[in-house]
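One-based numbering along the sequence shown.
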Amino acid sequence: MKFTENSRLGDVLTEHYQILLLLSRFGISLGFGDKTVKAVCADNGVDCKTFLAVCNYVASGDSSLYHNVDIESMVRFLRLAHKYYLEFLLPELRTKLVSIVGSLPDSMFSALVIKLFDSYKEEVRKHLAYEDKVLFDYIQRLLDGEEDLPALSLASFIRQHDNIDTQLFELKNAMIRYFPAGENLREVNQVLYDIFAFEEDLKSHCEIEGDLFIPAVVELEKMRRG
């Protein structure tokens, strides 16, 4: 592993700032001084092996640690990520978009930008709602040892990740190619950058699900079904 339980969490973040986004999704706050990953996880009631599996995957793409993942811990992590996207990040992006297109003389272009964003937001919402209400419920029933549980198509779940990006591509394309010249240049570039950053974050989130979480669930299925 690139990082171990004896690594200082501050050093981990300095080396890979992307891991900073993971902290709140594990319920970890800043201000931990020079404490090790193990100590910080213990202080916050976080499963250390799961935290390390996710951090090492984000840092190096190593998915071989999926067998270290505690599924209940991952479900909590994923639920907090969903809440962050739906209750904070996507509403904030929409507010920024409305601010920069609201005063444009071309009202049709403004309406198109907001429509594309809202369509994308709705696709993300439906996908995350499926995970929260269907996938996680199925996994909890597996964990509870429920017998005669109908199998859920995990392969189908993974394919759904590929179907939520169309509207976002169209939104980015419209802003890059057709945003009125000279209008709010700094603000437009900043919100477009924020959209790209969100896209990368959500992509990483989906890859964590596909490469760490789902393989761990498959192992649980095999164990439960014999």
Side-chain angles (χ1 to χ4, degrees), residues 17-18 20-27 54 58 74-139 152-211 213-214:
Y17 72 90
Q18 300 92 332
L20 182 64
L21 293 174
L22 306 178
L23 293 189
S24 63
R25 302 170 199 180
F26 275 106
V54 174
V58 170
M74 279 295 290
V75 168
R76 287 193 294 270
F77 164 78
L78 295 172
R79 284 190 185 276
L80 283 175
H82 296 176
K83 185 175 181 180
Y84 171 71
Y85 292 141
L86 295 177
E87 296 183 11
F88 174 72
L89 195 50
L90 284 169
E92 183 181 62
L93 284 174
R94 191 182 193 280
T95 298
K96 291 179 178 179
L97 274 176
V98 170
S99 176
I100 65 170
V101 302
S103 60
L104 292 178
D106 187 348
S107 60
M108 291 184 62
F109 178 81
S110 300
L112 173 64
V113 167
I114 299 304
K115 180 181 178 180
L116 289 171
F117 181 83
D118 286 345
S119 295
Y120 172 71
K121 181 180 177 182
E122 179 61 15
E123 286 299 313
V124 173
R125 187 201 64 77
K126 288 192 295 185
H127 177 75
L128 299 185
Y130 172 83
E131 293 182 17
D132 288 337
K133 296 176 182 178
V134 179
L135 178 65
F136 296 160
D137 177 68
Y138 168 76
I139 290 168
L152 187 70
S153 176
L154 298 176
S156 175
F157 161 75
I158 293 298
R159 286 195 298 271
Q160 289 183 31
H161 286 160
D162 299 329
N163 299 327
I164 60 176
D165 294 334
T166 302
Q167 286 87 355
L168 190 63
F169 173 80
E170 293 177 357
L171 171 63
K172 292 185 299 181
N173 189 58
M175 292 186 67
I176 291 171
R177 296 178 184 274
Y178 305 115
F179 201 93
E183 295 284 349
N184 304 322
L185 178 60
R186 293 190 183 91
E187 292 84 355
V188 174
N189 285 349
Q190 183 60 58
V191 74
L192 192 55
Y193 180 87
D194 291 344
I195 290 170
F196 274 100
F198 168 71
E199 182 180 29
E200 285 298 311
D201 184 24
L202 185 59
K203 178 182 177 183
S204 176
H205 174 83
C206 292
E207 289 172 345
I208 289 169
E209 289 180 332
D211 293 342
F213 181 56
I214 294 302

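- Under the rule for a salt bridge (Lys or Arg N to Asp or Glu O under 4.0 Å), the partners of Arg25 that lie at least two apart in sequence or sit in another chain are Asp201.
- In this structure Tyr138 satisfies the side-chain hydrogen bond (donor to acceptor under 3.5 Å, both in side chains) test together with Glu221, Arg225, sequence neighbours excluded.
- With sequence neighbours left out, the side-chain hydrogen bond (donor to acceptor under 3.5 Å, both in side chains) criterion links Asp106 to no other residue.
- The CZ atom of Phe136 sits 11.0 Å away from the OH atom of Tyr130 when rounded to the nearest 0.5 Å.
- By the side chain to side chain contact (heavy atoms under 4.5 Å, CB included) test, Leu20 pairs with Leu13, Leu23, Leu30, sequence neighbours left out.
- The side chain to side chain contact (heavy atoms under 4.5 Å, CB included) check on Asn189 picks up Leu185, with sequence neighbours excluded.
- Closest non-hydrogen pair, Gly27 versus Leu80, comes out as N-CD1, 4.3 Å.
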Report the C-alpha separation of Leu112 and Tyr178 in whole Å, then their side-chain angles, then the decisive distance to 0.1 Å, and conclude whether the side-chain contact (heavy atoms from CB on, under 4.5 Å) test is met.
-> CA-CA 11 Å; Leu112 173 64; Tyr178 305 115; over 6 Å; no
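- Here salt bridge (charged side-chain N to carboxylate O under 4.0 Å, His left out) pairs that include residues 78-93, with residues two or more places apart or in two chains, are Arg79-Asp132.
- Shown here are the salt bridge (Lys or Arg N to Asp or Glu O under 4.0 Å) partners of Asp137, two or more places apart in sequence or in another chain: Arg141.
- Applying the side-chain hydrogen bond (donor to acceptor under 3.5 Å, both in side chains) test to Glu199 and every residue at least two apart in sequence or in another chain returns Lys172.
- Under the rule for a side chain to side chain contact (heavy atoms under 4.5 Å, CB included), the partners of Lys126 that lie at least two apart in sequence or sit in another chain are Glu122, Glu123.
- Looking only at side-chain heavy atoms (C-beta outward), Thr95 and Val98 stay at 4.5 Å or farther from each other.
- When all heavy atoms of Leu86 and Arg125 are compared, the pair lying nearest together is CD2-CA, 3.9 Å.
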| said: Evaluate Met74 against Ile208 for side-chain contact (heavy atoms from CB on, under 4.5 Å), listing each step before the verdict. | reply: CA-CA 10 Å; Met74 279 295 290; Ile208 289 169; 3.7 Å; yes
Going through the checks in order, is the side-chain contact (heavy atoms from CB on, under 4.5 Å) test met by Glu131 and Phe213?
-> CA-CA 12 Å; Glu131 293 182 17; Phe213 181 56; over 6 Å; no
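- Counting only residues at least two apart or in different chains, ring-ring contact (aromatic ring centres under 6.0 Å, His included) contacts with residues 94-121 comprise Phe109-Phe179.
- Taking CZ from Phe169 and CG from Leu116, the interatomic distance works out to 11.5 Å, rounded to the nearest 0.5 Å.
- In this view, Asn173 and Arg177 satisfy the side chain to side chain contact (heavy atoms under 4.5 Å, CB included) rule, not counting sequence neighbours.
- None of Glu209, Glu207, Lys203 except one satisfies the side-chain hydrogen bond (donor to acceptor under 3.5 Å, both in side chains) rule with His205; the exception is Glu209.
- Taking the side-chain hydrogen bond (donor to acceptor under 3.5 Å, both in side chains) definition, one finds that Lys121 meets it with nothing, sequence neighbours left out.
- Residues Leu168 and Ile195 approach most closely at CD1-CG2, 3.6 Å, considering heavy atoms.
- With rounding to the nearest 0.5 angstrom, the OH atom of Tyr85 is 8.5 Å from the CG atom of Leu128.
- To the nearest 0.5 Å, the span separating CG on Leu97 from CG on Asp118 amounts to 9.0 Å.
- Note that CG of Leu192 and CD1 of Ile176 are 5.0 Å apart. Values are rounded to the nearest 0.5 Å.
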